[in-house]
Amino acid sequence: DSMVMVNGYFRPKEGKELESKSRIRVFLDEGRERPHLKSYTFARNADGLVHWTERADSADEYLAHLETIAGHIDQLGDVQDIERIEVAGPPSELEK
């Protein structure tokens, strides 16, 4: 099994909640166009913390996905504070 999973947690900056939601929509639209992503979801808890989960068939496919969204990621710091990112998968995939 070569599946790679990435979980991330971020909090919209004060006063930037609506802009954060619109940027999440861009990520979801981009994710729908990537058949190698098996799961691509965002959820918000009661205190505003946003959790996202991405799953790809392999690290190579996930890295290709990152290349397509790099420009969007660069803009996130304006509206969101990333709290943590977790990556899981087989060691042979994580080494990539």
Side-chain angles (χ1 to χ4, degrees):
D1 187 23
S2 60
M3 185 170 283
V4 173
M5 182 171 65
V6 177
N7 291 304
Y9 303 85
F10 63 87
R11 192 173 303 280
K13 292 182 178 182
E14 192 170 331
K16 301 285 186 171
E17 293 84 0
L18 291 178
E19 190 174 350
S20 175
K21 284 182 182 181
S22 70
R23 292 196 185 180
I24 288 171
R25 175 64 44 208
V26 170
F27 278 92
L28 287 170
D29 291 345
E30 182 71 31
R32 283 189 192 98
E33 296 177 18
R34 305 291 169 217
H36 56 273
L37 289 180
K38 300 304 174 196
S39 173
Y40 197 59
T41 60
F42 289 81
R44 181 183 315 269
N45 70 13
D47 74 349
L49 184 69
V50 177
H51 170 238
W52 90 85
T53 300
E54 299 174 288
R55 294 179 189 187
D57 284 333
S58 69
D60 290 331
E61 291 175 350
Y62 188 74
L63 291 171
H65 165 65
L66 283 180
E67 287 180 19
T68 65
I69 63 169
H72 302 301
I73 292 173
D74 289 343
Q75 299 172 8
L76 287 180
D78 297 342
V79 296
Q80 302 162 354
D81 291 318
I82 295 176
E83 294 197 3
R84 73 180 183 275
I85 297 174
E86 305 164 344
V87 181
S92 60
E93 292 297 306
L94 297 180
E95 290 172 1
K96 295 179 181 180

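Being a predicted model, the structure only gives us computed values, none of them experimental.
In this structure, OH in Y62 is found 12.0 Å from CG in L94, a value given to the nearest 0.5 Å. Atom CD of residue E83 and atom NE2 of residue H51 lie 12.0 Å apart, to the nearest 0.5 angstrom. Between the OG atom in S58 and the CG atom in L63 there is a gap of 8.0 Å [rounded to 0.5 Å]. Atom CG of L37 is separated from atom OG1 of T53 by 12.0 Å, given to the nearest 0.5 angstrom. The NZ atom of K38 lies 4.0 Å from the CG atom of D57; values are rounded to the nearest 0.5 Å. Within the model, atoms CD of E93 and CE of M5 stand 14.5 Å from one another, a figure rounded to the nearest 0.5 Å.
A heavy-atom distance below 4.5 Å is found between the side chains of I85 and W52. N45 is not listed as a side-chain neighbour of Y9, based on a closest heavy-atom distance of 4.5 Å or more.
Residues S20 and P12 approach most closely at OG-CG, 3.7 Å, considering heavy atoms. Nearest heavy atoms, D78 versus R23: CB-NH1, 4.1 Å. Listed here is the closest heavy atom pair of I69 and Y40: CD1-OH, 4.3 Å. Nearest heavy atom pair, residue L49 against residue R11, reads N-NH1, 3.4 Å. Annotation for D60 and K96: closest pair OD2-NZ, 3.4 Å, computed over non-hydrogen atoms.
Using a 4.5 Å cut-off between side-chain heavy atoms of Ile, Leu, Val, Met, Phe, Trp and Tyr, with links allowed through other members, V50 and V87 fall into the same hydrophobic cluster. In this structure, F42 is a member of the same hydrophobic cluster as L66, with clusters built from ILVMFWY side-chain heavy atoms closer than 4.5 Å.
D81 meets the salt bridge (charged side-chain N to carboxylate O under 4.0 Å, His left out) test with K13; sequence neighbours excluded. For R55, there are no salt bridge (charged side-chain N to carboxylate O under 4.0 Å, His left out) partners two or more places apart in sequence or in a different chain. By the side chain to side chain contact (heavy atoms under 4.5 Å, CB included) test, K21 is found to be paired with R44, residues two or more places apart in sequence or in another chain being considered. Looking at residues two or more places apart in sequence or on another chain, you find no side-chain hydrogen bond (donor to acceptor under 3.5 Å, both in side chains) involving S2. With sequence neighbours excluded, the residues that form a side-chain hydrogen bond (donor to acceptor under 3.5 Å, both in side chains) with R84 are E86.
Other cluster members for L18: none, since no ILVMFWY side-chain heavy atom sits under 4.5 Å from it.
With E54 contributing its side chain and V6 its backbone, the two residues share no donor-acceptor pair below 3.5 Å.
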